[in-house]
Amino acid sequence: MLQQAAAQLRDTQGRVARYLRVSLTDRCQLRCRYCMPADLAWMPNERLLSAAELSRLITIAVTRLGVRKVRFTGGEPLLRPDVASIIASVPPDAAVSLTTNGLELPKHLPGLVSAGLKSVNISIDALNRRTYAHITGRDRLADALAGLRQALEARLRVKVNTVILRGVNEGEILPLADFCLANGCELRFIEQMPLGPLATDPVSAAEILTALRARYELRPLPRTSAPTQLYDVGGGRIGVIATVSFPFCQLCDRTRLTADGHVRACLFDDTEHDLRTPLRAGASDEELAYLWLAAQRQKAPGHLIGQASFRKPVRTMSMIGG
Ligand code: SAM
Ligand code: SF4
């Protein structure tokens, strides 16, 4: 029998997952060319977990399985009208954050702040309107920037996520750095991963750092989280996430819950374990915790990006929870 709060999400490599990423929906208003195919069919609503189901699974993860950080993502998590109530239901032992394209932030901010949200990651790949529209498929830069400005006014800690695509937005590296440093936002460049519809020739973290050094002195900070190498830049902070050029799989502390209620231990491994069916069939908290433990135990040792045996995952980032 599982004792409450006694178990850990430990895999066969000895890694323990304390960081849960939850996809609230696979839907999105944008069509970022590296993320989402233009013709993606949405999951039917009945497959998505309800707020009550999400709260129950997250509570199990925090109170029984040692999860200490929960990030809500998607798809676009702010397309769910119940996002604030879902956030409010996370047990206090876990820190909560949210990754969003920012477009719906103004509408949700009061509810999110009341729900206890302190920090938000906003994805903005360009400050040039045409480039933003070219990457996202939608002319919505002004809305993303309004969301960012209002999040700052609401005193949230704001990080900006940026993917640099070769030949598309390398020219945005310095303008985004200037903008984020001037506005007190931490900027994090994420190497393009082979997950979406676009062929990958990722601009490496090393290339991005070279571009930044043309203007800024970068002082490496001690690594606090596995994926991000942060640099002090005149008192501000810029980070690079080198998933492809410098894999951090041996330090990975993540587990994921897909929008349709499957545990996915590794972003790049299509192996998933269905919790929604047993949940809806009346499984107890203890049984669900056991299934999650068993799923995480089988986590793949690492992604094989760049190796002959690499196979692009079937599900897109928006379904898995990026
Ligand atoms: N819609 C929200 C957003 O864009 O922030 C949350 C979901 S999105 C999948 C989460 C993050 O994944 C975004 O920062 C996005 O840029 C990143 N992302 C999506 N596809 C990616 C890819 N193929 N490689 C690297 N990052 C990717
Ligand atoms: Fe939507 Fe985020 Fe994917 Fe862009 S990266 S298409 S905003 S889910």
Side-chain angles (χ1 to χ4, degrees), residues 21-40 42-43 70-80 83 97-105 108 119-126 131-141 143-145 147-148 151 158-166 168-169 172 176 180 185-205 208 227-228 239-248 254 256-259 264 267-268 303 305-306 310 312-322:
R21 292 172 85 102
V22 181
S23 176
L24 290 185
T25 175
D26 59 326
R27 293 165 201 220
C28 189
Q29 326 87 316
L30 302 184
R31 297 290 181 276
C32 300
R33 47 184 58 232
Y34 52 79
C35 174
M36 203 177 266
D39 56 350
L40 191 64
W42 305 131
M43 288 177 195
V70 179
R71 175 174 296 279
F72 292 101
T73 175
E76 175 45 45
L78 297 186
L79 288 183
R80 276 194 73 139
V83 59
S97 49
L98 174 79
T99 300
T100 172
N101 59 32
L103 304 184
E104 299 291 323
L105 259 177
H108 285 286
S119 147
V120 67
N121 287 24
I122 304 178
S123 302
I124 299 181
D125 297 329
T131 311
Y132 182 92
H134 174 69
I135 294 173
T136 64
R138 304 287 186 269
D139 184 12
R140 302 288 303 268
L141 175 64
D143 297 319
L145 291 176
L148 182 143
V158 176
K159 297 180 190 172
V160 172
N161 287 356
T162 296
V163 176
I164 297 296
L165 302 177
R166 195 173 297 287
V168 176
N169 64 337
E172 295 286 332
L176 277 161
C180 288
C185 309
E186 185 178 303
L187 172 61
R188 293 131 54 93
F189 292 99
I190 308 170
E191 284 180 347
Q192 186 201 355
M193 295 179 259
L195 274 166
L198 197 65
T200 44
D201 172 18
V203 178
S204 69
I208 291 166
T228 313
V240 286
I241 303 181
T243 315
V244 178
S245 66
F246 193 73
F248 45 83
R254 294 174 182 194
R256 286 185 156 81
L257 189 59
T258 64
R264 179 149 174 148
L267 193 52
F268 294 97
H303 71 61
I305 297 172
F310 178 75
K312 190 162 136 175
V314 173
R315 299 233 265 180
T316 61
M317 190 90 143
S318 53
M319 292 188 221
I320 306 165

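In each ligand, atom 1 is the first atom listed, and ligand 1 is the first ligand listed. All heavy atoms count here, side chains included; hydrogens, waters and symmetry mates do not.
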- Task: Quick one: do V83 and F72 satisfy side chain to side chain contact (heavy atoms under 4.5 Å, CB included)? Show the steps, please.
- Result: CA-CA 9 Å; V83 59; F72 292 101; 5.5 Å; no
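Close approach of ligand 1 to E191 is summarised as follows: ligand atoms under 4.0 Å from at least one heavy atom of the residue are 24 (N), 25 (C). Those atoms of ligand 2 with a heavy atom of N101 less than 4.0 angstrom away are 7 (S). The atoms of ligand 1 that sit less than 4.0 Å from any heavy atom of N101 are 2 (C), 3 (C), 5 (O). Each of the atoms 7 (C), 9 (C) of ligand 1 lies under 4.0 Å from some heavy atom of G74. Each of the atoms 14 (O) of ligand 1 lies under 4.0 Å from some heavy atom of N161.
A donor-acceptor contact under 3.5 angstrom links the side chains of E76 and T100, judged on distance only. Side chains of S97 and R71: a donor on one and an acceptor on the other come within 3.5 Å. Under 3.5 Å, the side chains of E191 and S245 contain a donor-acceptor pair of N or O atoms. Looking at N169 and Y132, their side chains never bring a donor and an acceptor atom within 3.5 Å of each other.
Contacts of C35 with ligand 2, taken as heavy-atom pairs under 4.0 Å, involve the side chain alone.
Across A144, S123, P202, heavy-atom proximity to atom 14 (O) of ligand 1 is greatest for S123. Checking T99, V244, T100, L79 against atom 11 (C) of ligand 1, the nearest heavy atom belongs to T99.
A side-chain donor-acceptor contact under 3.5 Å links R31 to the backbone of C28. R80 places a side-chain N or O within 3.5 Å of a backbone atom of L24 that can act as its donor or acceptor partner. Panel note: side chain R138, backbone Q29; a donor-acceptor pair is recorded below 3.5 Å. Of the possible polar contacts, none joining the T228 side chain to the V240 backbone as a donor-acceptor pair under 3.5 Å is found. With hydrogens and angles ignored, the 3.5 Å screen pairs a side-chain donor or acceptor of R264 with a backbone N or O of L267. Of the possible polar contacts, none joining the R188 side chain to the N121 backbone as a donor-acceptor pair under 3.5 Å is found.
Across R166, Q192, M193, a single residue satisfies side chain to side chain contact (heavy atoms under 4.5 Å, CB included) together with P202, and that is Q192.
Backbone and side-chain nitrogen or oxygen atoms of M193 are examined, and one is located within less than 3.5 angstrom of a nitrogen or oxygen of ligand 1. Considering backbone and side-chain N/O of Q192, none are found under 3.5 Å from N/O of ligand 1. Some N or O of Y34 is nearer than 3.5 Å to an N or O of ligand 1, by distance alone. For the pair D125 and ligand 1, the shortest N or O to N or O distance does not fall below 3.5 Å. For ligand 1, the polar-atom distance check against G75 finds a nitrogen or oxygen pair separated by under 3.5 Å. For ligand 1, the polar-atom distance check against N121 finds no nitrogen or oxygen pair separated by under 3.5 Å. Where the criterion is an N or O separation shorter than 3.5 Å, residue side chain and backbone included, E76 meets it with respect to ligand 1.
The shortest separation from a heavy atom of G75 to ligand 2 is under 4.0 Å, placing the residue in contact. S23 does not count as a contact of ligand 1, since none of its heavy atoms falls under 4.0 Å from the ligand. For M36, the heavy-atom gap to ligand 1 stays at 4.0 angstrom or more.
With respect to atom 6 (S) of ligand 2, the closest heavy atom belonging to the protein is C32 N, 3.2 Å. The single protein non-hydrogen atom nearest to atom 1 (Fe) of ligand 2 is C28 SG, 2.3 Å, given as residue, atom name and distance.
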